[in-house]
Amino acid sequence: MATIVITGGTRGIGRALAHRRLAQGDTVVTVARSAANGERFLRESAEHGERARFIAADLSTLSGMRAAIVAVAAGHPGVDALVLGANDLTPRRAVTEDGFESVLALYYLSRAVLARELRTQLERTPQPVVLNLSGPGITQGGVQWDDPQLTRRWSGLRAQLQAGRANDLLGPALARQGGRTRYVVYNPGFVDTRPYVGMRQPWRALAELAAAALAAPPDQAAAAIGALLDAPPEPGFSAWRRRGRDNRRIDPALRTFDAADAERLERLTLDLLAAVD
Ligand SMILES: NC(=O)c1ccc[n+]([C@@H]2O[C@H](COP(=O)([O-])OP(=O)(O)OC[C@H]3O[C@@H](n4cnc5c(N)ncnc54)[C@H](OP(=O)(O)O)[C@@H]3O)[C@@H](O)[C@H]2O)c1
């Protein structure tokens with residue numbers, strides 16, 4: 001049976017996926033910030049005993065990323081799937097203890113760091129997958145190369161779109177490492193993961209209305225993601241979106257996956273991390 005690590009596995013899509021995989025007999029390690037939500041996940045999963053695990057870590061900080069990596073590596077020599085789902089719809093600009101704009105840190109940097117640092121554990125398994133839950137296929141917004149910390153103009157949407165594009169570009173960058181890992185960037189579509197606790201009014205009320213009318217339940221997204229984990233694509237990079245319980249490929253030639261931008265982002269990422277170290 002497989003070992004699946006899910007960041008953001010205590011709520012929303014990640015939680016639904018965690019419960020599905022536990023029911024299928026996998027070992028599931030969830031990583032999230034809130035210890036209370038982690039304990040709730042463990043209570044819900046008590047029937048699965050040691051196969052359900054929780055690591056408390058604030059993945060917007062480098063110390064939290066490192067703690068999570070050490071805990072995963074210590075407990076699990078092989079990781080079959082790393083599902084990157086932790087994100088936070090913060091209503092105002094915040095700066096982490098390392099000096100990073102918080103959306104960039106959590107939604108992009110933590111994913112880049114975890115995927116690279118857990119590569120050894122991934123490559124030990126037969127069909128490893130890194131599945132990055134974000135927004136491939138969205139062409140609005142982008143990386144603000146001259147101001148990635150968004151010091152001059154911040155909005156929640158701009159920050160999410162920037163980190164989402166960075167996740168698009170992370171796929172091709174990781175795939176350049178070679179190996180048998182499948183680097184999948186995945187758009188789950190509109191999924192009802194209320195409550196939208198971090199959103200300001202009236203956006204929160206509007207989002208809740210729209211979700212009630214249009215969004216898929218988290219378990220539907222989890223079923224589609226599970227299907228991709230069970231029959232993973234070829235090694236290297238691919239981009240997908242959910243359609244109902246099925247998945248559709250996104251054209252890898254889309255300009256949002258541009259190879260030169262991917263290289264540029266890799267250099268920027270190394271510079272950002274080096275400035276802290
Ligand atoms: N829902 C959608 O319609 C939709 C659409 C497109 C893409 N996506 C993407 O899919 C992913 C999952 O979305 P979702 O709606 O299921 O999210 P969600 O319900 O808001 O859950 C987010 C998860 O991230 C964790 N988290 C938040 N801040 C964290 C931090 N600093 N450190 C560690 N963990 C942290 C939360 O854990 P705690 O709060 O318990 O710590 C929670 O488990 C996200 O990347 C999102 O961008 C979602």
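Ligands are counted one by one from 1 in listed order, and the atoms in each one are counted from 1 as well. Since we're looking at a predicted model, the values are computed, not measured.
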(message) What verdict does the salt bridge (Lys or Arg N to Asp or Glu O under 4.0 Å) test give for Asp219 and Arg20, after you've listed the backbone C-alpha separation in whole Å, the side-chain angles of each residue and the deciding distance to 0.1 Å?
(response) CA-CA 8 Å; Asp219 193 56; Arg20 269 193 163 256; 3.1 Å; yes
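- Annotation: atom 43 (O) of ligand 1 to nearest protein heavy atom, Thr10 OG1, 2.8 Å.
- Pairing each heavy atom of Val184 with each of Pro233, the nearest pair is CG2-CG, 3.8 Å.
- Atoms of ligand 1 found under 4.0 Å from any heavy atom of Tyr107, numbered from 1 in the order shown, are 45 (O), 47 (O).
- Atom numbering of ligand 1 starts at 1 in the shown order; those under 4.0 Å from a heavy atom of Phe190 are 3 (O).
- Considering only non-hydrogen protein atoms, atom 46 (C) of ligand 1 sits nearest to Asn87 ND2, 3.9 Å.
- Around atom 32 (N) of ligand 1, the closest heavy atom drawn from Thr30, Leu59, Ile55 belongs to Leu59.
- Atoms of ligand 1 found under 4.0 Å from any heavy atom of Gly12 (numbered from 1 in listed order, with element): 16 (O), 19 (O).
- Applying the 4.0 Å criterion to heavy atoms of Ala86 picks out, from ligand 1, the atoms 24 (O), 34 (N), 35 (C).
- Side chains of Tyr186 and Asn247: a donor-acceptor N/O pair is present below 3.5 angstrom, by distance only.
- Gln177 and Arg116 share a side-chain donor-acceptor pair at under 3.5 Å.
- With hydrogens left out, the protein atom closest to atom 12 (C) of ligand 1 is Gly85 O, 3.5 Å, a heavy atom.
- Using modelled atom types and a 3.5 Å distance limit, the side chains of Ser60 and Asp58 yield a donor-acceptor pair.
- Considering Gly135, Ser134, Pro136 only, the shortest heavy-atom separation from atom 7 (C) of ligand 1 involves Ser134.
- The CZ atom of Arg200 sits 9.0 Å away from the OG1 atom of Thr90 when rounded to the nearest 0.5 Å.
- For atom 10 (O) of ligand 1, the nearest protein heavy atom is under 4.0 Å away.
- Of all the heavy atoms of Ala57, the ones lying under 4.0 Å from any atom of ligand 1 belong exclusively to the backbone.
- Comment: Glu234 engages Arg249 in a salt bridge, judged by a side-chain N to carboxylate O separation of less than 4.0 angstrom.
- Counting only N and O atoms by type, the side chains of Glu50 and Thr27 include no donor and acceptor under 3.5 Å apart.
- In this structure, the protein non-hydrogen atom closest to atom 20 (O) of ligand 1 is Arg11 NH1, 3.5 Å.
- In terms of protein heavy-atom proximity, atom 40 (O) of ligand 1 is nearest to Asn37 ND2, 2.7 Å.
- Nearest protein heavy-atom contact of atom 31 (N) of ligand 1 is Asp58 OD1, 2.9 Å.
- Nearest-heavy-atom check against atom 1 (N) of ligand 1 across Asn132, Val31, Thr96, Val191 picks out Val191.
- Of all protein heavy atoms, the one lying nearest to atom 4 (C) of ligand 1 is Gly189 O, 3.7 Å.
- The contact set between ligand 1 and Gly8, taken as ligand atoms under 4.0 Å from a residue heavy atom, comprises 23 (C), 24 (O), 25 (C), 42 (C), 43 (O).
- At a 4.0 Å heavy-atom cut-off, ligand 1 touches Arg111 through the side chain alone.
- Residues Leu169 and Ala262 come closest through the heavy atom pair O-CB, 3.5 Å.
- For atom 8 (N) of ligand 1, the closest heavy atom belonging to the protein is Pro188 CG, 3.7 Å.
- Here the side chain of Arg119 pairs no donor or acceptor atom with the backbone of Thr181 at under 3.5 angstrom.
- Between the side chains of Gln121 and His76, no donor N or O sits under 3.5 Å from an acceptor N or O.
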